[in-house]
Novice: 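After the structure tokens below, expect a handful of questions from me.
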Amino acid sequence: MKSILLFAISLFLFSPFCFTQTVWPGDVNNNGIVNEVDLLYLGFAFNATGSSRINATSEWAGQEITTVWEGAFPNDLNFAFADCNGDGKVDIADAQVIEANLNLTHDDVPFIKDEILDASPEVDPEFYFSEDEITGIPGEQAEILISLGDNDKILEDILGVSFTIKLDTTYFEKNSSQFELDDVTWITPFSDKATDLILENPEQGIIKVAITKTDQKPVSGAGFIGTVSFVLIEDIIDLLAPTDTVTLQIDSVTVVKGDLTKVPVAGSSIIVDIEGRSTSTYNPILDKIKFYPNPNNGWVLLQTNEVPIEKVELVNTLGQTIYQKPLSKNNFHSLDLNHIPEGSYWLRMITEYGVKSTPIQKYN
Ligand SMILES: [Ca+2]
Ligand SMILES: [Ca+2]
């Protein structure tokens with residue numbers, strides 16, 4: 001009897017006739033936040049149609065879906081979640097809602113962070129700057145191409161990619177940094193069958209990019225994606241200590257296949273050489289210091305190789321020192337960074353020969 005009752009209740013709960021779920025416009029994957037990853041899900045559902053929402057709005061408010069659509073994502077989430085503006089069709093107007101509601105959160109569902117897969121440039125494909133070196137002239141615009149994958153590591157059956165470009169606003173002019181997607185790339189061989197979002201946050205020096213195919217036809221390939229342009233601030237040379245480095249960074253890379261499964265792809269960074277800056281003060285003996293692994297998940301090992309490190313510091317992308325530790329003269333040291341939030345940092349190793357400063361990536 002009990003089981004019959006349970007069956008009846010579950011039939012009632014899961015019946016499409018009483019289906020109620022809440023859509024927050026732009027949170028296509030319904031994980032509690034609107035971000036660039038939602039565009040990848042939008043690509044998966046692009047051109048789907050179904051019932052429009054009653055009193056539909058793109059404003060940030062939870063709206064009930066009363067009738068399910070036919071299609072669903074691989075995790076069974078209904079396609080109605082992709083209809084951000086509620087007009088009964090998944091199209092480019094819904095991508096604009098993602099942009100309008102970017103970074104907004106709701107707590108209708110337990111927040112699930114969009115997972116960034118661990119990846120290593122040694123084994124996985126890489127998002128990288130297409131030149132080994134770049135020189136910037138203070139106050140003048142410079143640009144560099146970025147690429148995803150190369151001939152040795154071709155990406156297969158890809159539907160979309162998202163990533164973040166970071167430029168430290170201490171060194172780069174705000175509002176001058178841009179990313180421009182190439183008209184034709186290996187992911188988007190036909191620009192009318194793809195869409196993209198390029199979301200610039202000049203205050204934080206962050207550019208979020210998402211590109212997805214809209215015809216559900218995954219592509220394989222590797223190569224150029226677009227161009228990052230930037231302007232170094234006019235008085236940068238006065239600002240820099242001799243061992244400071246200025247970098248551009250690509251991280252938070254998400255690459256999805258046609259079934260939305262994720263492919264590990266490594267991010268990267270490049271040091272910007274600054275014209276007119278003397279680099280002779282860097283002591284090459286500092287190259288003897290080794291540390292690993294990078295990226296790390298909380299533990300970093302340092303091997304000094306007879307260049308004693310007096311102190312290590314961890315500096316965030318805002319230039320704030322968030323961790324420091326004096327070190328003994330031992331050859332090996334381990335750093336416990338488990339309490340440090342996930343993100344990109346500079347590891348500064350202070351020695352009597354100068355400061356070695358290296359970008360590191362912390363994952364949880
Ligand atoms: Ca989301
Ligand atoms: Ca729509």
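Counting starts at 1 for both ligands and their atoms, in listed order.
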Novice: Short check: any N/O/S atom of Val34 below 3.0 Å from the Ca ion (ligand 1)?
Specialist: no
Novice: With respect to the Ca ion (ligand 1), please indicate if Asp114 possesses an N, O or S atom at a distance under 3.0 Å.
Specialist: no
Novice: List the atom of Lys325, the atom of Ser334, and the distance in Å for their closest heavy-atom pair.
Specialist: NZ-O, 3.3 Å
Novice: Below 3.0 Å, can you find an N, O or S atom of Tyr41 next to the Ca ion (ligand 1)?
Specialist: no
Novice: Could you name all protein N, O or S atoms found under 3.0 Å from the Ca ion (ligand 2)?
Specialist: Asp83 OD1, Asn85 OD1, Asp87 OD1, Lys89 O, Asp94 OD1, Asp94 OD2
Novice: Is it true that Ile236 and Val315 fall in one hydrophobic cluster, defined by side-chain heavy atoms closer than 4.5 Å?
Specialist: no
Novice: Are more than 12 heavy atoms from other residues, nucleotides or ligands located less than 6.0 Å from atom CG of Asn75?
Specialist: yes
Novice: What do you reckon, are the aromatic ring centroids of Tyr41 and Phe46 less than 6.0 Å apart?
Specialist: no
Novice: Does the side chain of Asn294 come under 3.5 Å of the side chain of Asn296 through a donor N or O and an acceptor N or O?
Specialist: no
Novice: Just checking, any donor-acceptor pair under 3.5 angstrom between side chains of Asn338 and Asn364?
Specialist: no
Novice: Has the side chain of Asp83 got a donor or acceptor atom that lies under 3.5 Å from a matching backbone atom of Gly88?
Specialist: yes
Novice: Nearest N/O/S atom of Asp27 with respect to the Ca ion (ligand 1), by atom name, please.
Specialist: OD1
Novice: Looking only at side chains, do Glu203 and Thr169 share a donor and an acceptor under 3.5 Å apart?
Specialist: no
Novice: Tell me, please, if Asn30 has any N/O/S atom, main chain or side chain, under 3.0 Å from the Ca ion (ligand 1)?
Specialist: no
Novice: At the Ca ion (ligand 1), what is the angle formed between atom OD1 of Asn29 and atom OD1 of Asn31, rounded to the nearest 10°?
Specialist: 80°
Novice: In terms of heavy-atom contacts, does NZ of Lys217 have more than 12 from other residues, nucleotides or ligands at under 6.0 Å?
Specialist: no
